[in-house]
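One structure is given here, and the rest of the page talks about it.
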Number of protein chains: 2
Amino acid sequence: MKSLSIKDIAVKANVSITTVSFIINGKAKEKSISEAVIEKVEKIIAESGYKPNQIARSLRTGNSNIIGLIIEDISNSFFSRIARLIEDKAYKRGYKIIYSSTENSVDKAKELINMFKSRKVDAYIISPIKGIEEDVKMLLEDGNPVIFFDRNLPDINTSYVGADHLNASYQSIQSFIDQGKKNIALVTTDINVEQIVERYDGYKKALEDNGIKYDENLVLKIHFNQEESETISQIKQLFEQKNIDAVLFATNYLAISGLKVLKQINKKIGDDFAVIAYDDHEAFELHTPGISTVQQPLEEIAENVIKIILKQLSSKTKLENQQVIIPAKLIIRD
Amino acid sequence: MKSLSIKDIAVKANVSITTVSFIINGKAKEKSISEAVIEKVEKIIAESGYKPNQIARSLRTGNSNIIGLIIEDISNSFFSRIARLIEDKAYKRGYKIIYSSTENSVDKAKELINMFKSRKVDAYIISPIKGIEEDVKMLLEDGNPVIFFDRNLPDINTSYVGADHLNASYQSIQSFIDQGKKNIALVTTDINVEQIVERYDGYKKALEDNGIKYDENLVLKIHFNQEESETISQIKQLFEQKNIDAVLFATNYLAISGLKVLKQINKKIGDDFAVIAYDDHEAFELHTPGISTVQQPLEEIAENVIKIILKQLSSKTKLENQQVIIPAKLIIRD
DNA sequence: CTGAAAGCGCTTACAG
DNA sequence: CTGAAAGCGCTTACAG
């Protein structure tokens, strides 16, 4: 069964499709359509359940009311929670979200940008990775609103919203040092993205500022795409072979692997072994003892992202780029 | 800057847009376009970075290569993991996913169906809720492929993939009874959806089959949309006021609230208090002691959903509906 | 107060 | 071996 078109409605109402279009788009008053006609047409639309074809509308107007969201992995709770918040807020303003996960692959990220481009999305919200600079530049040159979140690409001049990773990491290490810890390890990933680098920089800086020598043997860089069993064995090695009294995990999934190791080797978290995990996770509050974490302000990030992008969308001209850095919160649990 | 159209390519190559279209769509051979022309056009396309406008293509062909995914809440890890798997598999076959969360609201679910309809998605993957029967029937009457997963609507005649909730719940209770438990509680939600009802039925049936009297005071139905603090106080009341030696949580987020209660009231899981949680969660493996769970086979569910929907999509005619019920797995941890 | 017509960027049946 | 033209369902400048 074919669905109704504007023409069907026009025929039924005995008016032109122009008139129907004006009424659908709320321009009836402005175009001074008579009350009688408006009522008649609206009645027919309501009765028939007619919905305008958005595809045709998009082709004609050039915008789709869709915002493309490109993230690393929707099954990571940080991203799925942000996605939910963004979707929610966008929805209320009449925008839909179409999303896809890059799985940290530059090729896939580029493909996604292309496919969003060919779908004519109105704006792009991207948690970017190195290697897509040229593609993003092209989007910006074509006048598309693009906003980065979570991570930034230093070479690209566009809006960005993210947490203050360097500071959060610095404070975590400072809190270890205040507790008297001396041998502080960092378990991080080998992805070369800004927010991971910043966490590393914060670690290093806090040590140096406190006169503790940086020891590269206490830094474990886990390969991004490897099996968890491999990760676990590397962390186990670090914990068993080095003399460590505190550890900062740079991501929540690394912390989860790390906690599994502690369970396996029966090492207790307590006075002589402290742990902080970057990015909160339900498992951490529940854990005995509770795991201290760096909480990123999800709600604020989502709020700012959508606010900036909607403002850009409703403005005819290119607005100033905005850089919003939101402090992260260190939650101490025990 | 306007992006290139097929016409621009045709002009540059000095051929008609018909020819360019045939080449883009791989029909060059079939339409016996000469090798020389194919090469020339392909070169120009590659150099110019031309991408066909999918909106125009959709309007013309009537399909969008987009599959709509409607779920309860993308930030729930069950759904986000399924979404990731489905997205992945669809992507490999050239389909994109556009998703949205219903937040368990019938109105929002209906709106989403309408908006997907007006966007002309090629197929619908829905984790349905009661109250959208009429809308789904209309989709089916219009010839749209629709598949349900996780939950089913008994009145609707369409394909479905889900876990065997009744059996999983039955086996959980049976395992409690085999351990000698007598006072077994069920903490569930008040959402009236099939898979929640089945978990309840499995609970009841297992008790009856074992000659244990069903006691409604041991069943706590938590209101879906309430604050977690309220949930926690209700569970606390159940645990403190009833004499319970085992509890089955019907969803993972309820189990997480329940574990928080146990931590608060300092009740230990062990020989005289057993716990099973429905739907695994990273927190459960990590918990000390490990929490036994019912694991839904995410990969298999996603695999079947996408297989059935793609088969339907590539077939000209309406295929037989398929009902795939996949056994869930009881994982005992301690 | 209302309508005829062009055009968004494609695909495809038809013609040669 | 290749192209002119219709048409998908809308919006909107223009005309009356």
Side-chain angles (χ1 to χ4, degrees), chain A residues 1-42 45 48-66 115 117-122 142, chain B residues 1-42 45 48-66 115 117-122 142:
Chain A
M1 197 185 87
K2 262 181 70 351
S3 49
L4 295 167
S5 77
I6 194 170
K7 202 174 158 193
D8 299 317
I9 303 296
V11 168
K12 279 195 205 189
N14 223 341
V15 296
S16 75
I17 61 170
T18 305
T19 301
V20 177
S21 176
F22 286 154
I23 293 172
I24 291 170
N25 292 295
K27 297 192 178 165
K29 295 266 183 280
E30 178 186 329
K31 300 288 178 179
S32 35
I33 310 283
S34 70
E35 269 306 329
V37 171
I38 296 179
E39 261 179 44
K40 180 173 61 176
V41 171
E42 281 181 341
I45 289 176
S48 64
Y50 164 71
K51 302 278 174 219
N53 181 326
Q54 294 296 338
I55 303 265
R57 191 176 262 177
S58 289
L59 180 58
R60 184 51 230 246
T61 63
N63 43 45
S64 58
N65 280 313
I66 293 184
M115 99 91 192
K117 198 156 50 169
S118 66
R119 290 252 146 66
K120 306 290 171 195
V121 305
D122 292 350
D142 291 359
Chain B
M1 199 183 85
K2 262 180 72 353
S3 51
L4 295 166
S5 77
I6 193 170
K7 199 172 160 191
D8 299 318
I9 304 296
V11 169
K12 278 194 203 186
N14 221 344
V15 295
S16 75
I17 60 170
T18 305
T19 302
V20 177
S21 175
F22 286 153
I23 293 172
I24 291 169
N25 291 295
K27 297 192 179 166
K29 294 265 183 279
E30 178 187 327
K31 301 287 177 179
S32 36
I33 310 284
S34 70
E35 269 306 329
V37 171
I38 296 179
E39 263 179 43
K40 181 175 59 176
V41 172
E42 283 181 340
I45 289 176
S48 63
Y50 165 71
K51 303 279 175 217
N53 179 325
Q54 295 295 339
I55 302 265
R57 191 177 262 177
S58 289
L59 181 59
R60 184 52 229 243
T61 63
N63 44 45
S64 58
N65 281 313
I66 294 184
M115 99 94 191
K117 198 154 53 167
S118 67
R119 290 251 145 68
K120 306 290 170 197
V121 305
D122 292 350
D142 291 359

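We name chains A, B, ... by the order of the sequence lines, and we start the count at 1 in each one. The model shown is predicted, which means the values in this text are computed figures rather than measured ones. What you see below is based on every heavy atom in this structure, not just the backbone, and it leaves out hydrogens, waters and symmetry mates.
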Is a side-chain N or O of [X] found less than 3.5 angstrom from the main chain of [Y], in a donor-acceptor match?
X	Y	value
Asp8(B)	Ser5(B)	yes
Ser58(B)	Asn63(B)	yes
Lys40(B)	Ala13(B)	yes
Thr61(A)	Arg57(A)	yes

d([atom1], [X]; [atom2], [N]) in whole Å:
X	N	atom1	atom2	value
Lys120(A)	dC10(C)	NZ	P	8 Å
Leu4(B)	dC8(C)	CG	C1'	15 Å
Ile23(A)	dG3(C)	CD1	P	10 Å
Ile24(B)	dG9(C)	CD1	P	13 Å
Gln54(A)	dC8(C)	CD	C1'	15 Å
Lys7(B)	dC10(C)	NZ	C1'	13 Å
Lys40(B)	dC1(D)	NZ	C1'	13 Å
Asn53(A)	dC10(D)	CG	C1'	7 Å

I need the single residue from Val15(A), Ile38(A), Val20(A), Thr18(A) that forms a side-chain contact (heavy atoms from CB on, under 4.5 Å) with Ile33(A). Which is it?
Ile38(A)
Paired and unpaired positions of DNA chain D as dot-bracket, Watson-Crick or G-U wobble under 3.5 Å, | denoting a partner strand:
|||.||||||||.|||
Close side-chain approach of [X] to [Y], heavy-atom, < 4.5 Å:
X	Y	value
Lys12(B)	Ser48(B)	yes
Ile6(A)	Ser21(A)	yes
Glu42(A)	Ile23(A)	yes

Under the side chain to side chain contact (heavy atoms under 4.5 Å, CB included) test, residues paired with Lys120(A) that sit two or more places apart:
Ser3(B), Asn53(B), Ile55(B)
Hydrogens and angles aside, do Thr19(B) and Ser16(B) bring a side-chain donor and acceptor to less than 3.5 Å of each other?
yes
Which of the following nucleotides, [options], is nearest to the side chain of [X]?
X	options	answer
Leu59(A)	dT11(D), dG9(D), dC10(C)	dG9(D)
Val37(A)	dT2(D), dC10(C), dT2(C)	dT2(C)
Pro52(A)	dC10(D), dT2(C), dC10(C)	dC10(D)
Val15(A)	dG3(C), dG3(D), dT11(C)	dG3(C)

State whether [X] places a side-chain N or O below 4.0 Å from either non-bridging phosphate oxygen (OP1 or OP2) of [N].
X	N	result
Tyr50(A)	dC10(D)	yes
Ser16(B)	dA4(D)	no
Arg57(A)	dG9(D)	no

Got a list of protein N/O to nucleotides 12-16 of chain D N/O distances below 3.5 Å?
from    : atom 1 : to       : atom 2 : distance (Å)
dT12(D) : OP2    : Lys27(A) : NZ     : 2.8
dT12(D) : O4     : Thr18(A) : OG1    : 3.4

